[in-house]
Amino acid sequence: MKIATFNINGVKARLDTLCGWLRDAAPDVALLQEIKSTDETFPREQLEDLGYTVETHGQKGFNGVAILSKLPLEDVVRGLPGDEDDAQARYIEATVTGTRSVRVCGIYLPNGNPAPGPKYEYKLAWLDRLEVRMRDVLRLEEPAVFSGDYNVIPQDEDAARPEAWREDALALPQSRAAFRRLLALGFTDALRAETQRPGLYTFWDYQAGAWDRDLGIRIDHHLLTPQAADLARSAWVEKDIRGREKPSDHVPVWIELDV
DNA sequence: ATGGTAGCAAGGCTA
């Protein structure tokens, strides 16, 4: 089972790109972030025509997440549990069953800038709630993946210019500590081993020629329960997507599970 | 210190 996470940065503006990618790359499951659409305006039919089951947790204008799957999706949860007053659409879960079941959890973590400030407080509170949810799922001792745009640069080697991010909400010590706590629960960062070779990034800013100069950061992650990690065959970044026509500022990040 | 680009949606916010 091939699972990709992809911050699409506007599904309506990216629909041709998305459909072409789904035809070529043919993920079994695609977790999308920043769909910037409501459930009603999401281009569901076009994706269903490509053979995908579609579940969305949308919002007008900003944020929004979705799961596309070639296999049926069951037991969908919309919204990160733990705060009834949180109106931002940043989280969706479902179960997909191949030769065995995998819980797939799609994440669009708050950016948190400017820090310090209320947006950063929201990011840290969201990370605390995510830790609770991940602990609960971990207890089930089943294959599960928490995949998406974490808006966290875990370590200096995950940025081309770490000094440029020193004061940024994506790399502040509290952000990194919270991410490390997620790993300490017992999760595996599926792409971590790949970062032994420098220059593994998933995002390049539209501004200041970041792509042309390869000034990227690694902020899109797959975190695997031990049961999922045992099934993991490989993990990779589809970097060339960033150089195509009208790209998102993120690229797809993949894992393949032996399921 | 600022601005640089992009999407949504129709002005400013978010990133």
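Note on naming: letters A, B, ... go to the chains in the order of the sequence lines (proteins, then strands), and numbering restarts at 1 for each one.
Closest to the side chain of A:Lys119, from the set B:dC8, B:dT5, B:dA15, is B:dA15. Closest contact between the side chain of A:Tyr108 and the listed nucleotides B:dA15, B:dA6, B:dA9 involves B:dA15. Relative to the side chain of A:Arg14, the nucleotides B:dA15, B:dG7, B:dC8 differ in distance, and B:dG7 lies closest. Among the nucleotides B:dC8, B:dG7, B:dA15, the one closest to any side-chain atom of A:Asn111 is B:dA15. Counting only heavy atoms from C-beta on, A:Lys60 has its side chain closest to B:dA9 among B:dC8, B:dA6, B:dA9. Side-chain proximity of A:Gln207 to B:dG7, B:dG4, B:dA9: nearest is B:dG4. The side chain of A:Phe62 lies closest to B:dT14 when the candidates are B:dA6, B:dA15, B:dT14.
Atom C1' of nucleotide B:dG7 and atom NE2 of A:His250 are separated by 13 Å, given to the nearest angstrom. Here the P atom of nucleotide B:dT14 and the CG atom of A:Leu109 are 17 Å apart, to the nearest Å. Rounded to whole angstrom, the span from the CG atom of A:Asn151 across to the P atom of B:dA15 amounts to 8 Å. Following rounding to the nearest Å, A:Asn7 (CG) and B:dG7 (C1') show an atom-to-atom distance of 11 Å. Between the CD1 atom of A:Ile35 and the P atom of B:dC8 there is a distance of 11 Å, given to the nearest Å. The CD-P distance, from A:Glu167 to B:dA1, rounds to 12 Å in whole Å. Here B:dA15 presents its P atom at 18 Å from CD1 of A:Ile8, a figure rounded to the nearest Å. Regarding A:Trp204, its CH2 atom lies at a distance of 19 Å from the C1' atom of B:dG4, rounded to whole Å.
Rounded to whole Å, the C1' atom of B:dA6 lies 16 Å from the corresponding atom of B:dG11. Taking atom P on both B:dA10 and B:dT14, the two are 16 Å apart, rounded to the nearest angstrom. Taking atom C1' on both nucleotides, B:dA15 is separated from B:dG4 by 13 Å, rounded to a whole Å. Rounded to whole Å, the C1' atom of B:dA9 lies 11 Å from the corresponding atom of B:dC13.
Proximity of A:Lys246 to the phosphate of B:dG7: a side-chain N or O atom is located under 4.0 Å from OP1 or OP2. Side-chain N/O atoms of A:Arg90 include one lying less than 4.0 angstrom from OP1 or OP2 on B:dA15.
Remark: the A:Asn113 side chain and the A:Asp168 side chain contain an N/O donor-acceptor pair separated by less than 3.5 Å. For the residue pair A:Arg14 / A:Thr17, no side-chain donor-acceptor distance below 3.5 Å is found, with atom types taken as modelled.
Salt bridge A:Lys239/A:Asp214: present, at least one basic N to carboxylate O contact under 4.0 Å. A salt bridge does not link A:Glu157 with A:Arg218: none of the charged nitrogens is closer than 4.0 Å to a carboxylate oxygen. At a threshold of 4.0 Å, the pair A:Asp189-A:Arg180 does not count as salt-bridged, since none of the basic side-chain nitrogens sits closer than that to a carboxylate oxygen.
In this structure, A:Phe203 and A:Ala208 both approach DNA chain B, and ranking their closest nucleotides by distance from the 5' end singles out A:Ala208. Between A:Asn63 and A:Ala13, the one whose closest nucleotide on DNA chain B sits nearer the 5' end is A:Ala13.
Residue A:Glu163 qualifies as enclosed at atom CD: its count of foreign heavy atoms under 6.0 Å is above 12.
At the heavy-atom level, A:Arg213 lies nowhere under 4.0 Å from the strands shown.
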